[in-house]
Amino acid sequence: MESDWSQGYVTEVLYTEHFFRELSPAWLNYVATINGCQPRPLDPGFTYMELGCGLGQTVTLLAGAHPQGRFFGVDFNPAHVDWARRYAASAGIGNVEFLERSFLDLSAQEVPECDFIVLHGVYAWVSAEVRAGIQRIIRERLKPGGLVYNSYNCLPGWAADSPLQKLILETSKHLSGDATQRTQAALKSVEELVGAKFGYFAVTPTAGKMAAKMSERNANYLAHEFLNEHWTPFYSSDVADEMSNAKLNFVGSATLAENHLELLGGDDLQAKVKAQPTQRLRQLFQDLAQNQRFRRDVFVRGHAQLNRAGIVRNMENQAFGALRDLKNVTNVAKVARGEVKFDEKAFPALKESLQQGTWSVGDLRKEMLARKLTHLDVERTMTLMAATGIAVPCAMSSRPAPMPENPKQIKIPLATNRALMKRMVDNLAPGNLVSTLAGNALSIDPIYAVILSQASQSWKDKAELKERLMGEVKRRRIRFSKPAKEEKPQDDNERAAQFFDRFWADEAPVLHRLGVIELA
C-alpha cells in the first residue's frame, strides 16, 4: 500500500542504481554549442541540481568528475536520500548535498541559483500539480543562460502501447504482495491475455511483445515504470509549452543523433520537417517521423542565437574523447537513415588520436594538418562521430604520456576512484569510475575492479599479476557466468585469464587515456 505522502508515485520499493551519462554538464554544454547557444562555464565553478535524483548515483558521480562544481540532489523519498548520502560518503565525494523535499516544498532559499537543472524520467510520471512545482523551481533557481535537461516518455511512440500501463496499474491494485510482486504478477496476467487472443493485442502485437520483454527487467524498475498513478506520455510540443512557463526555450536533444536531421531520414522526410514554420512544430514532425517513444530535451533560459562565427569559436574549444576501445571500429556507422561513411584516409588518424586522450576541435585540426589531411572538415566529422557514438563530448582536452611497454604498477590518482573501486571489489558488483577529463563516468566490470585492486601493488611481470588474480579468484570463490555460446567448456580460472587479457588489451588503454589510472 502506498503511503499518504507518495502523491501517486511508487515509494514502497527503491529505484534502481543507474548512471546516465547524458546528464553530464560537459554533455549538455555540447548540445548547447552545436545548436547555437552559449555553453555554461565550468571553471572556476558552477552549480548543478538534479530533481528526482533517486538513489543519487548520477549526481554523485558527476560531482566526483567535476570537483570544482557544487551539486545538489533532490528527492522526496527519504529512503532514496538516505541511500544517496551513504553512497556519496562511501566514495568520499563532498561536493554533493542531498535534500529530502518534494517539488512542491523546495524553497528558493535552500539551493543557490543553478547553471544546470536536470530531471531524468520524472516529468511523465508525476501529476500536473507536481509538474507545476518543477516549473516553479526552474523559474526561481535557474540562472539566465542556464541549461535544463528533461527526459520523458513521449508520443506518438507510446500511443499504441500506453493501454498496457493502464492494464498493469489497474490489475496490480487487486493483487497481493509488494509493488514488485504485484507488477510481476500483473505482467504475467497480461501475457495470458495475449494467449487468449484479446483484440487489443491482436491489432497491437508490440504491446504483447513488450509485456514479455518487460517481465525480464529489474523488478524495482518495473514497479516505478508502471505503477505510478499519473503516468502520462507527452507530445514534445506540450512539454515545450509547459517549460515556457519557466522562461525556457528548446535547444536540442541529449540523444546526440537527434540533432542531425540528415541522419534520421531521407530527403523527402527532411524537407517535410524543415518546412514547418516553428521549432515546436519541427520537433513534433520529427517525432512523428521516428515514432518517438522517449525524449531527452535540453532547454535554455534565454536564447540569444549565435551566428556561425560564434558557433565556430565555441566549437574550437569543444573537447571529444572515446569512452571505449576503438580498435575494431570501422569507418561505417549505422544510423536511422542507413549508414554514415567516414573518410577512409582520415578515419584511422582520428581513431589513433582519440586513443591518445581527449582533444579540442582546434587541437585536432592542427593534428590533422600535421598529418597532411588538409581536406578534412574536423568540426563536422567530430559532430557526426559523436552522433554515431564513436566519440563523446568531454570536459577538457588532455593527453597523458604514452603507456609504458612493461608497466610494473597501476596507480589510481583520484581518492574518489579508489573508494569506488573498493566498493566494487567488496561487493563484486558492477560500478563506475569517474574521469575529470571526460567530465563523466565509465562503467566497470567488477572483475576489472579486482584486477585494478591487485595491480595497485607493484609486480615483476604480467605473468605474476595474472597469478595474483587467479589466487584472488580462488580465495574469494568468484564464479563467472557462462557465455551463451561457448565452443568448449571453460573453468573459472580460464575465464579469469580471459578477463585479464581483455583488461590489458581493451580496458586499461581507455582508463589511461582518460586519466583514471596511471601506469608506472
Side-chain angles (χ1 to χ4, degrees), residues 1-20 23 48-63 71-91 93 96-111 114 116-138 141 148-153 165 168-169 172-173 177-184 186 217-232 423 429 431-432:
M1 183 178 295
E2 293 298 321
S3 49
D4 293 335
W5 51 267
S6 69
Q7 300 174 344
Y9 195 84
V10 171
T11 58
E12 63 185 283
V13 295
L14 293 178
Y15 194 59
T16 51
E17 286 190 56
H18 280 300
F19 173 76
F20 300 102
L23 277 63
Y48 179 109
M49 176 166 59
E50 182 178 6
L51 301 175
C53 65
L55 300 181
Q57 193 170 37
T58 295
V59 68
T60 298
L61 290 170
L62 291 176
F71 289 75
F72 293 85
V74 179
D75 201 285
F76 81 140
N77 188 334
H80 285 171
V81 171
D82 178 61
W83 198 100
R85 286 173 177 168
R86 292 173 185 271
Y87 178 70
S90 71
I93 297 175
V96 60
E97 180 180 341
F98 291 96
L99 302 174
E100 182 203 329
R101 297 286 187 276
S102 79
F103 303 144
L104 301 178
D105 298 333
L106 184 70
S107 69
Q109 291 73 35
E110 292 180 282
V111 179
C114 296
F116 302 91
I117 296 178
V118 303
L119 50 154
H120 178 83
V122 173
Y123 209 73
W125 286 263
V126 295
S127 68
E129 181 186 19
V130 174
R131 295 199 308 275
I134 291 170
Q135 295 158 29
R136 174 190 61 81
I137 293 169
I138 295 171
R141 292 292 85 196
V148 168
Y149 167 102
N150 182 11
S151 63
Y152 53 93
N153 282 348
Q165 187 272 343
I168 292 170
L169 173 65
S172 71
K173 292 177 180 178
D178 64 21
T180 60
Q181 293 167 329
R182 297 198 311 274
T183 306
Q184 290 172 321
R217 298 287 298 272
N218 178 281
N220 286 34
Y221 164 79
L222 293 172
H224 282 266
E225 175 66 39
F226 286 112
L227 297 195
N228 291 310
E229 292 284 349
H230 302 291
W231 187 93
T232 309
R423 185 175 185 268
N432 299 271

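- Expressed to the nearest 0.5 Å, how far OH of Tyr48 lies from CG of Leu62 amounts to 5.0 Å.
- Counting heavy atoms from C-beta outward, Leu55 and Tyr87 have side chains that stay 4.5 Å or more apart.
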| request: Give the intermediate values and the outcome of side chain to side chain contact (heavy atoms under 4.5 Å, CB included) for residues Tyr152 and Leu119. | output: CA-CA 9 Å; Tyr152 53 93; Leu119 50 154; over 6 Å; no
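- In this structure, the side chain of Thr58 engages the main chain of Phe20 through a donor-acceptor pair within 3.5 Å.
- Side chains of Thr60 and Phe71 form no contact here, defined as non-hydrogen atoms less than 4.5 Å apart.
- A donor-acceptor pair is defined here as one N or O able to donate and one able to accept, closer than 3.5 Å; such a pair exists between the side chain of Arg141 and the backbone of Ala108.
- With contacts defined as side-chain heavy-atom distances shorter than 4.5 Å, the pair Leu169/Trp231 does not qualify.
- Atom CD of Glu129 has 12 or fewer heavy atoms from other residues, nucleotides or ligands within 6.0 Å.
- Residues Met49 and Cys114 share a closest heavy-atom pair of CB-SG, 3.8 Å.
- Between the CD atom of Glu100 and the CG atom of Asn77 there is a distance of 8.0 Å, given to the nearest 0.5 Å.
- Taking the centre and axis of the six-membered ring of Phe103, the NZ or CZ atom of Arg136 falls outside the cone set by 45° and 6.0 Å.
- Shown here for Ala84 and Gly54, the closest heavy-atom pair between the two residues is CB-O, 4.5 Å.
- From Glu97, atom CD reaches atom CG of Leu99 across 5.0 Å, with rounding to the nearest 0.5 Å.
- Using a 4.5 Å heavy-atom threshold, the side chains of Leu106 and Val111 count as touching.
- For the residue pair Val96 and Ala63, the shortest heavy atom distance occurs at CB-CB, 4.0 Å.
- Arg423 places no side-chain N or O within donor-acceptor distance of the main-chain N or O of Ala429, the cut-off being under 3.5 Å.
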| salt bridge (Lys or Arg N to Asp or Glu O under 4.0 Å) assessment of Lys173 paired with Glu229 | CA-CA 11 Å; Lys173 292 177 180 178; Glu229 292 284 349; 3.5 Å; yes
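- Annotation: side chain of Phe76 is not in contact with side chain of Asp105 (no heavy-atom distance under 4.5 Å).
- Between Leu51 and the choices Asn150, Val122, Ile137, Val148, the side-chain contact (heavy atoms from CB on, under 4.5 Å) rule is met once, by Ile137.
- Side chains of Asp82 and Phe98 form no contact here, defined as non-hydrogen atoms less than 4.5 Å apart.
- Proximity of Leu23 to Phe116: side-chain heavy atoms (C-beta onward) are nowhere separated by under 4.5 Å.
- Residues His120 and Ser151 approach most closely at ND1-OG, 3.0 Å, considering heavy atoms.
- Between the side chain of Gln57 and the backbone N or O of His18 there is at least one donor-acceptor pair closer than 3.5 Å.
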